[in-house]
Participant: 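Below is a structure I'd like to ask you about.
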Amino acid sequence: MKTKVKNIIFLLTALMILLMPCSSFAAKSEPEKEGDFDIEIVSTETDENGYTTAVFSIKNNGKDFSGYARLCMFENYGDAFAVEKLTSISAGESINLSLTFTHPLDFDPVRGVTRFEMRDGSGKRVGYQILQYKDAGMGNVMGILADDTTGLHPLTLNVYLSSLSNYENVSITTEVVKNVTDTDELLGYRYLLIDGYDTESLDKKTIEGIENWVRSGGILLIGTGDTVNTFTGFDKDFIDMDYSTDNNGKPYFFKQSSHQFAMDYYDTVDVTTLLPGDTYSTYVNNCIKSEGNGFIIVADCSLNDPNVSTQDAIEELLNQIGSVYNASGSYSIEMHQDTIEEIFGMMQGKGGINTAILKAIIVLYVVLVGPILYLFLKAMNKREYIWLAVPAVAVFFTVIVFLASRGFAVRHKQFKNISVSAADGSGITDNLFMGFDSGSGGWKVELSEDIKAAGAYSISANGSGSNKREPDFITTYSTNGISNYYNPGGSFEGVMFRGWSENTASGGIEADVSYSGGKMSGTVKNNTGKNFDYVLVVTDNKYTVIEMDSSGTAKVDDYGDEYNSFDEVHFKAQEMYRKKKYKEAGYYAALAFAASEMTSYDSFVIGIGKDSKNLIKGIIDEEDYCCYYSEIK
């Protein structure tokens, strides 16, 4: 009997042990309650600088709330970031809340999860809602602006757009633009086709609305046909094309700068030629230009021409930019992430520490613990105490070495920053930060009041991509200003983020430069009141870097090396770094990045100097490379 009781107790105990993990897992697997909040997206809009402002409608169906409203974006098995704002909502109240943020490089929210959370003052999540996020408010719809839309609408287009590691088929439908002067109507389109339409008839406000729509992420297609009026209504800087006409007024030659019409830093588009009377196949010659966050494609024929297979032609034009456009609606025309990380690595300068003091201490210890200590005890006839004296001196010097080494240790956050501003004070100043901490735990920095909006630029993937995990990077808007939190995967792991501020530059840069006979010549004069250590001059697709003295004037005739692109300037920085010219390498690396941002200019000059802008609060090791640019006209 006793044996049976023991067996029953044993079985019950074993069963309890087995069920404990199961019940724990079941508890964790229960779906989380959404809380007493109704949340939906009202609108999203991305400006020409790449900052997205999303407006959310939040209704509080529960008790009074005070805490943070947080937008979390998770890419499957990839990056995760969030932006949050200090918010108070009374019971029964409905509010509209706007959040401004940026997507990290190569981030694709379509392949992940968007979650909006409500967190109380202690950080506890008290409500959430999974949202369907649409970037920039644009769907896969192409607006048609043409005098004759017979062959252009209705169409269903199939385009393969790059989505990081593979291609996704995107279906695009066409729709006739009803009122082109109402530029708000453009927000419903990802694409706009202008064909056989006189853009010179449009007023200035409408033209500016279309141009800003492109810079915010739209794709503009133009079919020229027998007239150039389809694109001559736009500003010369927006569509920089030259043309000639025959005796009948028909265009027969188009050309563009290979720098201006560059999809990204490694790819340029050939000059196109149009001859009157040509019969066009499905292949369409074209010019492609990146403008802000969007693209312009100019075809050398009308896409409504009966000799052209309209659907095939449009699909072919869009597929040509598929490699630089991902399915989230984001454009990958920036430098690659690893290139930018390398730039910041070169800006760090010399690695290692100066160990001269530590070496002197060690030598002093060896001398003291050896002959000096022995001779001292011998003179006092106390040699039997050497077994106490040696450990005591060792402990003393261990403490000294520890205290001295703390002066060399990296115990705080370090930042290298690049700012890019128009030298005449127009627009904003775009600040790019690269920072790290010596520890492996999460850390936070508070930005100065000069920073008006911020967001992640590049972060490392530390999690599994589940919609329940915490974001790696959080931007917080509160009464104290803007702060960024980062959770690294290990020690010294860096993070890059952006932040825009008001442009305080003035005076501009005068540049009278030309390229002729295989030589660049002219002068550059700095009128900004800022000190420039170097200037980068670009004209006729030739780049040169000139050292500038305190006078603020540089003769381009005395230039040194010549480069064909800004990535060649980057390669020069690499060469300088290998030769241990760390100071010069840092300047060249920062200039290469700033030049990569100049997608709207054929000829320009960038001045660079160091300044203590103190864009981050607190005692931070912070170094600022300040770049100011002007167009050469």
Side-chain angles (χ1 to χ4, degrees), residues 236-238 240-242 255-269 271 289-292 333-335 339-340 343 418-424 426-427 430 505 508-528 530 532-548 552-576 584 587-609 625-633:
K236 183 70 172 177
D237 290 340
F238 184 71
D240 188 10
M241 295 185 65
D242 296 326
K255 64 180 181 179
Q256 83 286 342
S257 162
S258 60
H259 169 79
Q260 179 77 352
F261 284 81
M263 289 191 291
D264 53 30
Y265 74 95
Y266 59 82
D267 197 5
T268 58
V269 184
V271 172
K289 175 189 178 184
S290 59
E291 180 72 14
I333 59 174
E334 304 96 341
M335 277 187 170
T339 303
I340 300 176
I343 283 174
I418 302 176
S419 65
V420 182
S421 313
D424 62 0
S426 61
D430 195 14
I509 304 173
E510 293 180 35
D512 182 11
V513 180
S514 61
Y515 191 87
S516 179
K519 182 179 180 182
M520 189 184 297
S521 61
T523 58
V524 175
K525 185 177 181 182
N526 175 18
N527 297 323
T528 63
K530 309 288 186 180
F532 292 166
D533 297 302
Y534 293 89
V535 290
L536 169 68
V537 183
V538 180
T539 186
D540 198 33
N541 302 318
K542 301 298 180 182
Y543 292 61
T544 188
V545 180
I546 306 167
E547 191 169 357
M548 180 169 276
T553 302
K555 288 187 177 182
V556 185
D557 309 67
D558 301 329
Y559 70 90
D561 295 335
E562 187 178 280
Y563 315 99
N564 294 313
S565 62
F566 58 77
D567 45 283
E568 288 191 10
V569 178
H570 168 244
F571 296 150
K572 181 64 177 181
Q574 290 178 317
E575 178 185 332
M576 290 177 168
E584 295 87 346
Y587 279 111
Y588 272 66
L591 281 172
F593 172 79
S596 74
E597 299 282 283
M598 304 291 105
T599 57
S600 299
Y601 303 109
D602 288 324
S603 301
F604 56 90
V605 58
I606 303 175
I608 185 172
Y625 289 78
C626 303
C627 302
Y628 300 89
Y629 65 89
S630 285
E631 182 182 9
I632 300 177
K633 298 182 179 180

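In this chain, numbering begins with 1 at the start of the sequence shown.
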Participant: With Ser419, which residues qualify under side chain to side chain contact (heavy atoms under 4.5 Å, CB included), at least two apart?
Facilitator: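 Partners of Ser419 by the side chain to side chain contact (heavy atoms under 4.5 Å, CB included) criterion, ordered by chain and then number, come out as Thr429, Asn431, Lys613, Cys626.
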
Participant: Looking at every non-hydrogen atom in both residues, tell me the closest pair between Ser630 and Ile509 and how far apart they are.
Facilitator: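 Residues Ser630 and Ile509, closest heavy atoms: OG-N, 3.4 Å.
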
Participant: When rounded to the nearest 0.5 angstrom, what distance separates CD in Glu584 from CD in Glu575?
Facilitator: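 Answer for the CD-CD pair, Glu584 versus Glu575, is 11.5 Å.
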
Participant: To the nearest 0.5 Å, tell me how far Leu591 CG sits from Ile608 CD1.
Facilitator: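 Here the rounded value is 4.0 Å.
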
Participant: Show the nearest heavy-atom pair for residues Ser521 and Val556, with the distance to one decimal.
Facilitator: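 Closest pair (atom of Ser521, atom of Val556, distance): C-CB, 4.1 Å.
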
Participant: Can you tell if the side chain of Tyr543 reaches within under 4.5 Å of the side chain of Glu568, non-hydrogen atoms only?
Facilitator: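 A side-chain contact is absent here, since even the closest heavy-atom pair is not under 4.5 Å.
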
Participant: Please report the shortest heavy-atom distance between Ala589 and Ala573, naming the atom on each side.
Facilitator: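 Looks like N-CB, 3.6 Å.
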
Participant: Roughly how far, to the nearest 0.5 Å, is OG1 of Thr539 from CE of Met520?
Facilitator: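 Rounded to the nearest 0.5 Å, the CE-OG1 separation comes out at 6.0 Å.
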
Participant: Just so I know, are the side chains of Met598 and Ile606 near enough to count as touching, which here means a heavy-atom distance under 4.5 Å?
Facilitator: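 When only atoms from C-beta onward are counted, Ile606 and Met598 do touch, with a gap below 4.5 Å.
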
Participant: With the side chain counted from C-beta on, respond yes when Val513 and Val605 share a heavy-atom pair under 4.5 Å apart, and no when they do not.
Facilitator: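 The answer is no; the side chains never approach within 4.5 Å.
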
Participant: Does any non-hydrogen side-chain atom of Lys542 lie less than 4.5 Å from one of Asn564?
Facilitator: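 Yes, their side chains come closer than 4.5 Å.
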
Participant: Please report the shortest heavy-atom distance between Val535 and Gly607, naming the atom on each side.
Facilitator: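 Scanning both residues completely, I find the closest heavy atoms to be CG1-CA, 3.9 Å.
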
Participant: Can you see which heavy atom on Phe566 is nearest to which on Ala595, and at what distance?
Facilitator: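 Answer, listing the atom of Phe566 first, then Ala595: CB-CB, 3.6 Å.
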
Participant: Kindly indicate whether the side chain of Val537, heavy atoms from C-beta on, has any atom under 4.5 Å from the side chain of Ile546.
Facilitator: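 The answer is yes; the side chains approach within 4.5 Å.
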
Participant: I'd like to know if the side chain of Thr544 reaches the main chain of Asp561, judged simply by a donor and an acceptor atom lying under 3.5 Å from each other, with no hydrogens or angles considered.
Facilitator: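 At least one qualifying donor-acceptor pair exists.
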
Participant: To the nearest 0.5 Å, what is the distance between OH (Tyr563) and NE2 (His570)?
Facilitator: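 Reported value, rounded in 0.5 Å steps: 13.0 Å.
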
Participant: Where is the tightest heavy-atom contact between Ala423 and Tyr628, given as atom of each residue plus distance?
Facilitator: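 Closest approach of Ala423 to Tyr628: CB-CB, 4.1 Å.
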
Participant: Hey, what do you get for CD (Gln574) to CD1 (Ile343), rounding to the nearest 0.5 Å?
Facilitator: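 Rounded to the nearest 0.5 Å, the CD-CD1 separation comes out at 9.0 Å.
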
Participant: Of Phe532, Tyr534, Phe593, which is the lone residue that meets ring-ring contact (aromatic ring centres under 6.0 Å, His included) with Tyr587?
Facilitator: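 Among the candidates, only Tyr534 passes.
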
